[in-house]
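Structure first, then comments.
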Amino acid sequence: ADVVKDDVRTEVPISKLVLGMKCGGSDGFSGLTANPLVGVLSDRLAGWGGTSVLTEVPEMFGAEKLLMERAANEQTFGEIEAMINRFKDYFRKYNEPISENPAPGNKAGGITTLEEKSLGCIQKGGAKAPVTHVLDYGQPLPVDAGGGIALAYGPGADVVSCTTLAATGAQIVLFTTGRGTPFGTCAPTMKIATNSDLANRKKGWIDFNAGRLVDDAIPIETLADELLDKVIRIASGLEQTCTEVNGCREIAIFKDGVIN
């Protein structure tokens, strides 16, 4: 409190915005609604000089080639490859299968394979923005990172990966979910429902309903305008996420071994 007690809000350009991108409790709609919607926002933000950060390295398995093709340069390409292989080696160290990532909740929601889950997951990083940074676990994003996508080393576990995103310097975590979860990390955690049923049932958890892309046939660019407006309001302190209102501020550190 003593460190920030004299701080005041100042107007800054959107190029200073850093968004952490996370999915949890994914379902069959994740790759159709919320994740591509957030991806549109990632591409826009990169074009304005801002940065989106992806983590959950195991949930890139099977789709890493698409990220490597967007590497800003040869060095970044090599860093992506090394990050993916490092996490696969971590799984092998504990004799864990690399290709059995979908959780029981994912399967109940309609996801069948690791590749299906991974292809949906990386959509949060858009389709155009270059991958400009690869960050080690706990490493903050450079102050003048420039526009693009950053990849941060970390697991898929919700609380651990969201803490990882906050550590990179993300001011907000955009958390897409098809199954629902009430938790929030130390950065404002904005829950984006993949389907309207979840949004209607869990109004105290969900901040934005991406299911409207399907139910109301709203163009994705139009709904992205609405999402962007809400993100800016939250970043500006004009509006709070449900997790802030509910007092959900959890952190968890990545440990070597099994994570629950």
Does one side chain, of [X] or [Y], offer a donor that lies under 3.5 Å from an acceptor on the other?
X      : Y      : answer
Thr222 : Asp225 : no
Ser30  : Asn35  : no
Thr76  : Glu79  : no

Please name the residue in the list [options] that meets the side chain to side chain contact (heavy atoms under 4.5 Å, CB included) test with [X].
X      : options                     : result
Leu228 : Leu45, Ile14, Val40, Leu223 : Ile14
Leu19  : Thr51, Leu41, Val53         : Leu41
Leu198 : Asn195, Thr194, Asn200      : Asn195

To the nearest 0.5 Å, what is the distance between [atom1] ([X]) and [atom2] ([Y])?
X      : Y      : atom1 : atom2 : result
Ile232 : Leu227 : CD1   : CG    : 10.0 Å
Thr177 : Lys22  : OG1   : NZ    : 8.5 Å
Arg249 : Glu244 : CZ    : CD    : 6.5 Å
Thr168 : Asp136 : OG1   : CG    : 12.5 Å

Let me check something: do [X] and [Y] share a hydrophobic cluster, defined by ILVMFWY side-chain heavy atoms less than 4.5 Å apart, either directly or through other members?
X      : Y      : value
Val38  : Trp205 : no
Leu66  : Leu151 : yes
Ile122 : Phe77  : yes
Met60  : Ile80  : yes
Ile149 : Leu174 : yes

Using the test ring-ring contact (aromatic ring centres under 6.0 Å, His included), find all partners of Tyr153 that sit at least two apart in sequence or belong to another chain. Phe87

Sequence-distant partners of Phe208, ring-ring contact (aromatic ring centres under 6.0 Å, His included), two or more places apart: none

If you compare all heavy atoms of [X] against all heavy atoms of [Y], which two are closest, and at what distance to 0.1 Å?
X      : Y      : answer
Leu37  : Ala224 : CD1-N, 3.6 Å
Ile206 : Ala193 : CG2-CB, 3.7 Å
Met21  : Ser52  : CE-OG, 3.3 Å
Ala235 : Leu17  : CB-CD1, 4.0 Å
Ala187 : Ala170 : CB-O, 3.8 Å
Gly125 : Ser42  : C-CB, 3.9 Å

Let's go through Arg44 and Glu221 carefully: what are the C-alpha distance in whole Å and the side-chain angles of both, what is the deciding distance for side chain to side chain contact (heavy atoms under 4.5 Å, CB included) to 0.1 Å, and is it a yes or a no? CA-CA 10 Å; Arg44 289 187 186 182; Glu221 294 289 344; 2.7 Å; yes

Any donor-acceptor pair under 3.5 Å linking the side chain of [X] with the backbone of [Y]?
X      : Y      : answer
Thr243 : Thr189 : yes
Asp216 : Ile218 : no
Asp207 : Cys242 : yes
Lys191 : Phe183 : yes

Test side chain to side chain contact (heavy atoms under 4.5 Å, CB included) on Thr55 and Tyr137; report intermediate values, then the result. CA-CA 10 Å; Thr55 185; Tyr137 176 68; over 6 Å; no

Taking atom CD1 of Ile251 as the centre, report whether more than 12 heavy atoms of other residues, nucleotides or ligands fall under 6.0 Å from it. no

Quick check on Glu69: does its CD atom have over 12 non-hydrogen neighbours (other residues, nucleotides or ligands) under 6.0 Å away? yes

Arg92/Asp89 ion pair, N-O < 4.0 Å: yes

Using a strict cut-off of less than 4.0 Å between a Lys/Arg side-chain nitrogen and an Asp/Glu carboxylate oxygen, indicate whether Glu59 and Lys124 qualify as a salt bridge. no

Derivation and outcome, side chain to side chain contact (heavy atoms under 4.5 Å, CB included), residues Val57 and Ile84: CA-CA 7 Å; Val57 178; Ile84 297 292; 3.9 Å; yes

Could you go through His133 and Gln139, starting from their C-alpha distance and side-chain angles, then the distance that decides it, and tell me whether this counts as side chain to side chain contact (heavy atoms under 4.5 Å, CB included)? CA-CA 11 Å; His133 294 84; Gln139 180 182 355; over 6 Å; no

